[in-house]
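Remember, it's 1-based here, ligands and their atoms both numbered in the order they're listed.
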Amino acid sequence: MRKLLIFLLVIGYAVGSEIRLLSQNFYPAGLNIIEIKNPENTKILIETESKTVYFPANSEKSFFAIPYACKKLAILNVIKDNRVIYRKFIRIKPKKYPVSRITVKERKKTEKILKRIINEYKLIRKILSKYTPKKFKETEFIKPVKNPKVSTPFGAKRVINRKKKSIHWGIDYKAPKGTPVFASLSGKVVLAKELFYTGKTVIIDHGLCLYTLYAHLSKIKVKENQHVKGGEIIGNVGSTGRSTGPHLHFGVYLCGERVDPDLAFRLKL
Ligand SMILES: [Zn+2]
């Protein structure tokens, strides 16, 4: 029995030593990287007080995100062949979010517009859930505008026309109309079209279920299925869709889970 226990401990250690956490972005909506040797049939499971999320781990370096709603503790599990091979309790660091009050002209929502909003929401969720394999050559995210000035940070509690509406799921950068917008990383353009809320919008698939979104553009300068390099111009700042003035709304997503772009910028890929 004792021999068996020692054997199991050694096995456990060997498996554990092949997994290495490469980041400590342990905030709500924090993007993180984990290194997993032999990642076949492996997935990452994050358990929190409010929800459980899965991330694929088909690559040696894999991403996972702490859900925004997680404010205290998360349990990181690495599961291989339906067996937990690594578990870590993560204490979530506190982060404060401001309240952002804006007034916008609400367009009357006819049945046709409501249908459009629902269809666009479904389209985006479908796009953001697709996993594309990739080996990252880049080491960091590029900020999508030069000399960025944040007007509304990620996670701000939005009050629109005096009504509590939602959480602000991206960063707003104030910039004059026409300011060039850059791809944050290399990838494939998977959406380049005008949507009801986000106006002229571009979504780029960077691989490993990581996506960036650029909204309210005045001009889109890329086409769907086009490959872009990090730093390449993909459009210009504008105020299309539901917007109060020229700005870029920049969003980062991992398998549909909202990521705080500010925390993603700190990450070494
Ligand atoms: Zn925004």
### Query
Would R266 count as a cation-pi partner of Y27, with NZ or CZ less than 6.0 Å from the six-membered ring centre and within 45° of the ring normal?
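Yes, R266 and Y27 form such a contact.
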### Query
Quick one: is the NZ or CZ of K71 closer than 6.0 Å to the six-membered ring centre of Y68, and within 45° of its axis?
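Verdict for Y68: a cation-pi partner in K71.
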### Message
With heavy-atom distances below 4.5 Å as the criterion, would you say the side chains of L267 and I33 are in contact?
### Response
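Yes, at least one pair of side-chain atoms sits under 4.5 Å.
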### Task
Output the distance between atom NZ (K221) and atom CG (N236), rounded to the nearest 0.5 Å.
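Rounded to the nearest 0.5 Å, the NZ-CG separation comes to 4.0 Å.
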### Query
Does any N, O or S atom of H168, backbone or side chain, fall under 2.8 Å from the Zn ion (ligand 1)?
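It does; at least one qualifying atom falls short of 2.8 Å.
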### Query
Does the shortest distance from the Zn ion (ligand 1) to an N/O/S atom of H249 fall below 2.8 Å?
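A backbone or side-chain N, O or S atom of H249 is under 2.8 Å from the Zn ion (ligand 1).
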### Task
Name whichever N, O or S atom of D172 ends up nearest to the Zn ion (ligand 1).
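Result for D172 and the Zn ion (ligand 1): OD1.
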